[in-house]
S.K.: 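First the structure, which I've put down as structure tokens, then a few questions once you've had a look.
Numbering starts at 1 and runs along the sequence shown.
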Amino acid sequence: VFDKMPKRNVVSWNTMIAGYAQYGFGEEALKLFQTMQTESVDPDRITFVTVLKACAGVATLEQGKQIH
């Protein structure tokens with residue numbers, strides 16, 4: 001469904017990133033975050049919280065520091 005959405009906003013991106021992070025798919029969450037940035041969607045506070053959770057889940061301290 002997400003891939004077929006004609007227009008994705010920060011809420012839809014956050015939902016996908018949070019879902020991946022919550023269920024242990026941190027690497028996929030981080031890839032989505034990178035794609036979100038590539039598509040010029042501005043992250044919000046929720047985005048950063050969920051991405052940092054994904055970083056913690058895959059133990060990528062360096063990437064967490066870069067995002068923070």
S.K.: Could you tell me which residues satisfy side-chain contact (heavy atoms from CB on, under 4.5 Å) with Val1, sequence neighbours excluded, listed by chain and number?
M.R.: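 Val1 satisfies side-chain contact (heavy atoms from CB on, under 4.5 Å) with no other residue.
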
S.K.: Are any non-hydrogen side-chain atoms of Asn9 and Val41 less than 4.5 angstrom apart?
M.R.: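 Side-chain contact under 4.5 Å: no.
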
S.K.: So, for Gly26 and Ala54, which heavy atoms are closest and what is the spacing to 0.1 Å?
M.R.: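 Looking at all heavy atoms of both residues, the closest pair is O-CB, 3.8 Å.
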
S.K.: Can you pull out every salt bridge (Lys or Arg N to Asp or Glu O under 4.0 Å) where at least one residue sits in residues 10-22? Sequence neighbours excluded, please.
M.R.: none

S.K.: Does Ile17 offer a backbone N or O that forms a donor-acceptor pair with the side chain of Asn14 under 3.5 Å?
M.R.: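 Checked: no pair found.
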
S.K.: Between Ile46 and Phe2, is there shared hydrophobic-cluster membership here, with clusters defined by ILVMFWY side-chain heavy atoms closer than 4.5 Å?
M.R.: no

S.K.: Of all residues at least two apart in sequence or in a different chain, which pass the side-chain contact (heavy atoms from CB on, under 4.5 Å) check with Val49?
M.R.: none

S.K.: How long is the span from the SG atom in Cys55 to the CZ atom in Phe33, to the nearest 0.5 Å?
M.R.: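 Here the rounded value is 8.5 Å.
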
S.K.: Can you list every pair that meets salt bridge (Lys or Arg N to Asp or Glu O under 4.0 Å) and has a residue in residues 33-49, with sequence neighbours left out?
M.R.: Arg8-Glu39

S.K.: What closest approach, in Å, do Ala18 and Thr50 show between heavy atoms, and which atom pair accounts for it?
M.R.: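 Looking at all heavy atoms of both residues, the shortest contact is CB-CG2, 3.6 Å.
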
S.K.: What distance do Met16 atom CE and Thr35 atom OG1 have between them, rounded to the nearest 0.5 Å?
M.R.: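 So the gap between those two atoms works out to 11.0 Å.
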
S.K.: Would you call Val10 and Met36 a side-chain contact if the rule is heavy atoms closer than 4.5 Å?
M.R.: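 Yes; the side chains approach each other to less than 4.5 Å.
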
S.K.: Which pair of non-hydrogen atoms, one from Trp13 and one from Leu32, has the smallest distance, and what is that distance?
M.R.: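 Answer, listing the atom of Trp13 first, then Leu32: CZ3-O, 3.4 Å.
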
S.K.: Residues two or more places apart in sequence or in another chain: which of them pass side-chain contact (heavy atoms from CB on, under 4.5 Å) with Tyr23?
M.R.: Phe25

